[in-house]
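To start, the structure under review is shown below, and the notes come after it.
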Amino acid sequence: MLESGNSSENFPSKPKNFIREIIDEDMKTNKWGGRVHTRFPPEPNGYLHIGHAKSICLNFGIANDYNGKFNLRFDDTNPSKEEQEYVDSIIEDIRWLGADFEDRILFASDYFEQMYEWAVKLIKKGKAYVDDLSADQIRGLRGTLTEAGKESPFRNRTVEENLDLFERMRKGEFENGEKVLRAKIDMASPNINLRDPVMYRIVHSEHHRQGTKWCIYPTYDWAHGLEDSIEGITHSICTLEFENHRPLYDWFLDELGIYHPQQIEFARLNLSYTVMSKRKLLRLVQEKYVDGWDDPRMPTVSAFRRRGYTPEAIINFTDIVGVAKRDAMTDIALLEYAIRDDLNKHAQRVMAVLDPLKIVITNYPAGAVEELEAINNPEDPSMGSRKIPFSNEIYIEKSDFMENPPKGFHRLVPGGEVRLRYAYIIKCEEVIKNDKGETIELRCTFDADTKSGTGTSNKKVKGTIHWVSAKHALNAEVRLYDRLFTVEEPDADKEKDFIELLNPDSLKIIPKAMIEPSLKSSRPGDRFQFERLGYFCVDYKNSSDEKLVFNRTVTLKDSWVKSNKK
RNA sequence: UGCCCUGUGGUGUAAUUGGCAACACGUCUGACUCUGGAUCAGAAGACUUCAGGUUCGAGCCCUGACGGGGCAGCCA
């Protein structure tokens, strides 16, 4: 299934898919002279999300495997929506993913002059004209899905008049919307995109890179193929909604007689329990349902990064998901598998108690402290071990003790025994409660012969639980994230506002979790497994030496919780 | 009502181009375990949307239905 070969470490060669088959065929026929050149063309009007990551991995993965090149190109053809902040975040995210565009950070706006010349060429060929109709009038004449459109009264202007008008459009002699340049194709085409599409519109506003140099801006359909052509792209990979635009992509390039890449469309990624449209994500940010584009509950690349996902996991996920042409809804479980799989191998284990219950070990000398050895990662012996302090007062997880346990519960119960991870077996002798009848403390005894690693006792217990020493534990804030929405497809119901489907429990903050002292030296971005709880990452925005903040990346699988739900 | 694309276990993808439907996730057993994790062994789960046709043989080819998606921005 996997081919071996020449690829960088982060991007192992990928499974075959229909696009790679097309490329294999092109290599065989020498269609592009053995060249492969792909690109990722974001519009800088939002942050990248996991769907973009799929596209980046696809495009870069292909270039990487075929010894080709990969361009980052900002499709900045609409000055009213685009901002430098987005350019910066996009570059950062792609770099983080490890997709290497070398020195090729390109901008469509750098090609405006060339595009203009090509537009003049089309006008001279009688294939483009300046139209005075308003947007509404153009819409009115476009026809419908079932009826042909009608030709504009300005459609048959002379070449000279069109040239003159187009030049004056560029010079700024007209207001926004006063005139457009349209391709002269076929108002009766069953493909609406071919009914004399607009090539240039007048927009008097400041462009993030061009300033006020231009007041006419190319539309996507006109510009995109030209950008690909200029850069020598071989395979212009885009999502399904552009399929109907391909005839237009081809038409422009053919009429111009310039280098002609091949457009190939694939189905965009949909993930369950989230939304992926930039518009909706923008709304979540602007209306403050989340704390910015990198709020760890968002499906953006920056949010996954902040939450503790690794680029490897995301890359692997995009491989698992594959590439095809039918729309699909990918189960978030696939993504969670990818990150668990990665972190299981690489994350250091530590102990932390989120919901503490105090235990006093009555037969352990008060004031004594033992340094116990704990393995950093059972999956990777090279990660070594560390010392953790043990004393007569510890905290365990409240949920690891039950007075009236259900069948099959093998943790602490009154009179029962349990192993403290890397320490001793203890026995619960007494349950101390407050006025309300809530358990507030346990008195236990420990068995000195059962120290971990000594093998001096044959005693076996059903369960092992995590703990921290009360007087050594550090405090930290822990943020527990859950899916952002309560339903699989928040945007399935067109009648219902997706905001109503937000999960009210998508974030739970634990202000004072107790964590083992070795975490003192952890740095923003460090990833850990809190044993038996999940994977956590030091938040790089809000964490500090004074106050550590951990984000939960993903829980561990828990077959006990699962079997108990039944 | 037009045009384009697309229908394979719960989910996502495969099927060497016509040869008894495979992989991953998920689910469920069992083993092991000082993480109810991981690992290991195994199981269940698909008459490949439907109906015709061609063929010795069809998920792949043909015809017709039906379902899903996209398209009427001077957005991309």
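In what follows, every chain begins at residue 1, and chains take the letters A, B, ... in the order their sequences are listed.
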- Has Trp560(A) got its ring stacked on rG36(B), by the test of a centre gap below 5.5 Å and a plane angle below 30°? yes

- Message: Taking the ring centre of each residue, are Phe317(A) and Tyr337(A) less than 6.0 Å apart?
- Response: no

- Query: What nucleic acid atoms does Leu240(A) come within less than 4.0 Å of, heavy atoms only: base, sugar-phosphate, or nothing?
  - Reply: nothing

- Distance check: side-chain N/O of Arg142(A) vs OP1/OP2 of rG73(B), anything under 4.0 Å? yes

- Message: Roughly how many Å apart are rU63(B) and rC28(B), using the P atom of each and rounding to a whole number?
- Response: 45 Å

- Query: Do any side-chain nitrogens or oxygens of Lys278(A) fall under 4.0 Å of OP1 or OP2 in rA76(B)?
  - Reply: no

- Query: OP1, OP2 of rC3(B) versus side-chain N and O of Ser189(A): anything below 4.0 Å?
  - Reply: no

- Partner of rU63(B) under the Watson-Crick or G-U wobble criteria, both distances under 3.5 Å, comes out as rA51(B)

- Task: Considering just the side-chain nitrogens and oxygens of Arg279(A), establish if one lies under 4.0 Å of OP1 or OP2 belonging to rC75(B).
- Result: no

- Report the nucleotide, chosen from rA76(B), rC74(B), rG37(B), that has the shortest atom-to-atom distance to any side-chain atom of Asn344(A). rG37(B)

- Task: Classify the nucleic acid contact of Tyr200(A) as base, sugar-phosphate or nothing, counting any heavy atom under 4.0 Å across all strands shown.
- Result: nothing

- Counting heavy atoms from C-beta on, name the nucleotide in rU35(B), rG12(B), rG36(B) closest to the side chain of Val321(A). rG12(B)

- Counterpart base for rC71(B), defined by Watson-Crick or G-U wobble contacts under 3.5 Å: rG2(B)

- Are the aromatic rings of Phe536(A) and Phe550(A) close, with centres under 6.0 Å apart? no

- Task: Write down the partner of rG37(B) under the Watson-Crick or G-U wobble criteria, each distance required to be under 3.5 Å.
- Result: none

- Message: Under 3.5 Å, is there any donor-acceptor pair linking the side chain of Glu379(A) to the base of rG37(B)?
- Response: yes

- Query: Is a donor on one side and an acceptor on the other found under 3.5 Å between the side chain of His49(A) and the backbone of Met276(A)?
  - Reply: yes

- Query: Contact class for Lys179(A) vs. all strands (heavy atom < 4.0 Å): base, sugar-phosphate, or nothing?
  - Reply: nothing

- Query: Are Arg532(A) and Asp558(A) ion-paired here, with the side-chain N under 4.0 Å from a carboxylate O?
  - Reply: no

Table of protein N/O atoms under 3.5 Å from nucleotides 41-50 of chain B N/O atoms:
none

- Task: For rA46(B) and rC50(B), measure between their P atoms and round to the nearest Å.
- Result: 13 Å

- Could you check which of rG36(B), rC71(B), rG37(B) has an atom nearest any side-chain atom of Pro378(A)? rG37(B)

- For rA31(B) versus rG36(B), give the span between their C1' atoms, rounded off to a whole number of Å. 15 Å

- May I ask you to evaluate whether Ser559(A) reaches the phosphate of rG37(B), defined as a side-chain N or O under 4.0 Å from OP1 or OP2? yes

- Message: Of the options rG26(B), rU1(B), rU6(B), whose atoms approach the side-chain atoms of Thr146(A) most closely?
- Response: rU1(B)

- Would you say rG37(B) has OP1 or OP2 under 4.0 Å from some side-chain N or O of Arg340(A)? no

- Message: From C-beta outward on Asp331(A), which listed nucleotide comes closest to its side chain: rU11(B), rG70(B), rU35(B)?
- Response: rU11(B)

- Classify the nucleic acid contact of Tyr424(A) as base, sugar-phosphate or nothing, counting any heavy atom under 4.0 Å across all strands shown. nothing

- Note on the structure: Ranking Ser134(A) and Asn244(A) by the position along RNA chain B of their nearest nucleotide, the one closer to 5' is Asn244(A)

- Query: Quick one: do Glu21(A) and Lys16(A) make a salt bridge, cutoff under 4.0 Å?
  - Reply: no

- Task: Please state the P separation for the pair rC56(B) and rG68(B) - nearest whole angstrom.
- Result: 38 Å

- Query: Glycosidic conformation of rG73(B), syn or anti, with 90° from 0 as the boundary?
  - Reply: syn

- Task: Among rC74(B), rG36(B), rC75(B), find the nucleotide with the atom closest to the side chain of Arg532(A).
- Result: rG36(B)

- Query: Is the distance from OP1 or OP2 of rA76(B) to the nearest side-chain N or O of Tyr220(A) less than 4.0 Å?
  - Reply: no

- Query: With a non-hydrogen cut-off below 4.0 angstrom, is Val323(A) in contact with a base, only sugar-phosphate, or nothing?
  - Reply: sugar-phosphate

- With heavy atoms under 4.0 Å as the rule, sort His410(A) into base, sugar-phosphate or nothing. base

- Taking the same atom, C1', in rA44(B) and in rG9(B), what whole-Å distance lies between them? 11 Å

- Does a salt bridge link Asp26(A) with Arg20(A), judged by any charged N lying under 4.0 Å from a carboxylate O? no

- Assign Met351(A) to base, sugar-phosphate, or nothing according to its heavy-atom contacts below 4.0 angstrom with the strands shown. nothing

- Give a yes/no answer on whether the side chain of Arg139(A) brings an N or O atom under 4.0 Å of OP1 or OP2 in rG73(B). yes

- Query: Side-chain N or O of Arg268(A) less than 4.0 angstrom from OP1 or OP2 on rG69(B)?
  - Reply: no

- What's the closest nucleotide to the Ile192(A) side chain, out of rC71(B), rU17(B), rU35(B)? rC71(B)

- Query: Is it the case that Arg201(A) places NZ or CZ above or below the six-membered ring of Tyr217(A), under 6.0 angstrom from the centre and within 45 degrees of the axis?
  - Reply: no

- Query: Is there a side-chain polar atom (N or O) of Arg182(A) under 4.0 Å from OP1 or OP2 of rG73(B)?
  - Reply: no

- Note on the structure: Residues passing the ring pair (Phe, Tyr, Trp, His ring centres under 6.0 Å) test with Phe446(A), sequence neighbours excluded, are Tyr364(A), Tyr424(A)

- Query: Any N or O donor-acceptor pair linking the side chain of Arg411(A) to the base of rG36(B) at under 3.5 Å?
  - Reply: yes

- Note on the structure: Closest to the 5' end of RNA chain B, once Gly408(A) and Asn191(A) are matched to their nearest nucleotides, is Asn191(A)

- Check every strand shown and say whether Arg349(A) touches a base, only sugar-phosphate, or nothing at a heavy-atom separation below 4.0 Å. base

- Message: Side-chain N or O of Lys562(A) versus OP1/OP2 of rG36(B): is the shortest distance under 4.0 Å?
- Response: no

- Task: In plain terms, say whether Glu370(A) and Lys451(A) are close enough for a salt bridge, that is, a side-chain N and a carboxylate O under 4.0 Å apart.
- Result: yes

- Message: Determine whether Asp228(A) and Arg39(A) satisfy the following criterion, salt bridge (Lys or Arg N to Asp or Glu O under 4.0 Å), listing intermediate values before the conclusion.
- Response: CA-CA 8 Å; Asp228(A) 288 338; Arg39(A) 104 263 95 116; 3.6 Å; yes

- Query: What integer number of Å spans the C1' atoms of rG59(B) and rU8(B)?
  - Reply: 7 Å

- Message: Any base atoms under 4.0 Å from His224(A), or only sugar-phosphate, or nothing? Heavy atoms, all strands.
- Response: nothing

- For Thr144(A), report the nucleic acid contact type (base, sugar-phosphate, nothing); a contact means any heavy atom under 4.0 Å. base

- Query: Is Arg419(A) side chain donor-acceptor paired with the rU33(B) base, going by distance under 3.5 Å alone?
  - Reply: no

- With Arg483(A) as the cation and Tyr273(A) as the aromatic partner, state whether NZ or CZ is under 6.0 Å from the six-membered ring centre and within 45° of the axis. yes

- Item | Minimum-distance nucleotide (side-chain atoms of Ala135(A) versus rG26(B), rU35(B), rC74(B)) | rC74(B)

- Task: Pick the P atom in rG67(B) and in rG73(B), then give their distance to the nearest Å.
- Result: 26 Å

- Hey, is rU54(B) sitting syn or anti, using the within-90° cutoff around 0? anti

- Task: Go through rG37(B), rC5(B), rA76(B) for me and flag the one nearest to the Thr77(A) side chain.
- Result: rA76(B)

- Item | Rounded C1' spacing from rG69(B) to rU27(B) in Å | 29 Å

- Task: May I ask you to decide if the ring planes of His52(A) and Phe40(A) are parallel, tilted or perpendicular, using 30° and 60° as cut-offs?
- Result: perpendicular

